[in-house]
2 protein chains.
Amino acid sequence: MEFLKDGSAGYLINHLARVFARGLTTRIKPLGLTTGTFPTLLELWETDGLTQKDLVTRLDIEQATMANTLSRMERDGMILRRRDPADGRSQRVFLTERARALREPAIAAAQAENEAALAGLTLEERDQLVALMRKALAGETPG
Amino acid sequence: MEFLKDGSAGYLINHLARVFARGLTTRIKPLGLTTGTFPTLLELWETDGLTQKDLVTRLDIEQATMANTLSRMERDGMILRRRDPADGRSQRVFLTERARALREPAIAAAQAENEAALAGLTLEERDQLVALMRKALAGETPG
DNA sequence: CCTGATTGCATAGCTGGCTATCTAAAATTA
DNA sequence: TAATTTTAGATAGCCAGCTATGCAATCAGG
C-alpha cells in the first residue's frame, strides 16, 4: 500500500508511545503511581506550589485533563490544592511528603523503562532519536 | 534535574504522540473517523475479512481494546461482524462500502498530518526518525 | 465419548486524553 | 463605580487504552 503502516511516522509514534506507557505502567505500579501523573510530578518535584495553569502551559495538556489528573492525585494523597490568597481563582498545588519520597524510585523506574524500550538502539542512536523528537516538537506547524 | 523532562525519550514520545493524535483527530473528523479506528482500517483496507484475533496480533493492541473499537466502528456503519462458519468462536470483520470509500481521503489526511507534525525536520531527518522508531520497536525488551 | 484445557470474544471498571460548557473571581472599560 | 470581558478551574460526556473476568465454542487426552 502507498501508505505503509510501518513507514508512517504517526503510526510508529503511536505504537512506540503505547509500548512505553505499558512498560512504565507496570514499573511504577508498585509505587502507587500511574503514567498520567508522571509529567505533573516531574514539574512539582522541580518546583512545588505551581498553579494548575502553570502545569497546563508547561506540559502542553488541556486544562480539563489537568484538573482530572490533579483530582486523582489528591484522592491518592499525592498533592494538596490550596487557593491562592492573592487570586481567588487560582489554586496552588503542593506535593505531600509521600509524593516527595517517590521521586528517586519513580525516576529510576522511568530510566529503566527508557533503557528497555530502546534496547534495540545503540547509545548514539538513542541520542539521535531524542534529538529528532525534540526538534520535531519545537518545529511543528501549530493547528 | 538529573532526569531532564525534555531529554527523556519516553516523555518526548508521549508528547509527540499527543501532538500527532490531536492533529489527526481534527483532520479526519470531517470524514466521520476517529484516530482509534485508523490502524484497524489500514489493515482492513489491505485485507478485508480478518478476524478480531488477526487484528489484535497485527496491531499489538489488547483484545478488549479491539472489541470496543470494533463495536464503535459497527455502530458508526464502518464494519460488519459475521461469525466464521468454520469456527463458532471467531468473528470475521468486513468493511462497509462507506468505509472502503474513505480510504483515499483518510490516507491523504494522515499524510498531511505527518507533514505538519514533522515540519521542523528535513526529509532526511524524517527518514532517520522513522528508521530509529522501527528499530526500537523491533528490538525492545519484552516485559 | 466425556472431561478438562484452550481459545475467541464480550463486558466491567479504571486511567487519561479530548471538546464543550458552566461558575466564580479578577481585570477592564465605559 | 457599574457593566462587561477575561481568566482559572470544575464538570459532563466522549474516545481509546489497559487489566480482570466471564462465557461459549473448540480441541486434546484418557
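Proteins come first, then strands; the chains are lettered A, B, ... in the order of their sequence lines, and each starts at number 1.
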B:Lys53: partners by salt bridge (Lys or Arg N to Asp or Glu O under 4.0 Å), with sequence neighbours left out: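 Scan of B:Lys53 (salt bridge (Lys or Arg N to Asp or Glu O under 4.0 Å), adjacent residues dropped) gives none.
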
For B:Asp60, all residues meeting salt bridge (Lys or Arg N to Asp or Glu O under 4.0 Å), sequence neighbours excluded: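 Salt bridge (Lys or Arg N to Asp or Glu O under 4.0 Å) list for B:Asp60, sorted by chain: A:Arg22.
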
Distance in angstrom units between B:Arg82 CZ and C:dG8 C1', rounded: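 Answer to the nearest Å: 19 Å.
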
Walk me through whether A:Glu115 and A:Arg126 qualify under salt bridge (charged side-chain N to carboxylate O under 4.0 Å, His left out). CA-CA 9 Å; A:Glu115 295 277 333; A:Arg126 295 179 206 184; 3.3 Å; yes

Want to settle it: does A:Ser71 or B:Arg75 sit nearer the 5' end of DNA chain D, counting the closest nucleotide to each?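 First, find each residue's nearest nucleotide; the 5'-ward one identifies A:Ser71.
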
Who are the side chain to side chain contact (heavy atoms under 4.5 Å, CB included) partners of B:Lys135, not counting sequence neighbours?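 In terms of side chain to side chain contact (heavy atoms under 4.5 Å, CB included), with neighbours along the sequence ignored, B:Lys135 is linked to A:Leu121, A:Glu125.
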
Looking at residues at least two apart in the chain, or sitting in another chain, which of them share a side chain to side chain contact (heavy atoms under 4.5 Å, CB included) with A:Ala64?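 Testing A:Ala64 for side chain to side chain contact (heavy atoms under 4.5 Å, CB included), a comparison that skips the adjacent residues, returns none.
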
Leading and trailing nucleotides of DNA chain D with any atom under 4.0 Å from heavy atoms of chain B: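 Under 4.0 Å from chain B, the extent on DNA chain D is D:dC15 to D:dT26.
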
So which pairs with a foot in residues 64-77 of chain A pass salt bridge (charged side-chain N to carboxylate O under 4.0 Å, His left out), sequence neighbours left out?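 The answer is A:Glu74-A:Arg81.
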
Can you name the residues that form a side chain to side chain donor-acceptor pair (under 3.5 Å) with [X], not counting sequence neighbours?
X        : answer
A:Asn68  : none
A:Glu124 : none
B:Asp87  : B:Arg89

List the protein contact pattern of nucleotides 16-22 of chain C with one symbol per nucleotide (5' to 3'): B for base contact, S for sugar-phosphate-only contact, - for none; contact means a heavy-atom distance under 4.0 Å. SSBBB--

Given side chains that start at C-beta, do those of B:Met78 and B:Leu102 come closer than 4.5 Å, heavy atoms only?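 With C-beta onward as the side chain, the pair touches.
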
Could you spell out the base pairing of DNA chain C in dot-bracket, with Watson-Crick or G-U pairs whose two distances are under 3.5 Å, [ ] crossing and | to another strand? ||||||||||||||||||||||||||||||

So does B:Gln91 get a backbone contact from the side chain of B:Asp84, meaning a donor-acceptor N/O pair under 3.5 Å?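 Looks like no, no N/O pair under 3.5 Å.
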
Checking A:Trp45 side chain against A:Leu95 main chain: does a donor-acceptor pair fall under 3.5 Å?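 It does not hold such a pair.
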
Need one value for B:Arg83: base, sugar-phosphate or nothing, where a base atom within 4.0 Å counts as base even if backbone is also close, heavy atoms only.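 It contacts nothing in the nucleic acid.
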
For DNA chain D, the residues among residues 85-92 of chain B that have a non-hydrogen atom under 4.0 Å from it: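 Those residues whose heavy atoms fall under 4.0 Å from DNA chain D, taken from residues 85-92 of chain B in numerical order, are B:Asp87, B:Gly88, B:Arg89.
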
Do B:Asp48 and B:Arg92 sit within salt-bridge range, that is, some charged N less than 4.0 Å from a carboxylate O?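 Answer for the salt bridge query: no.
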
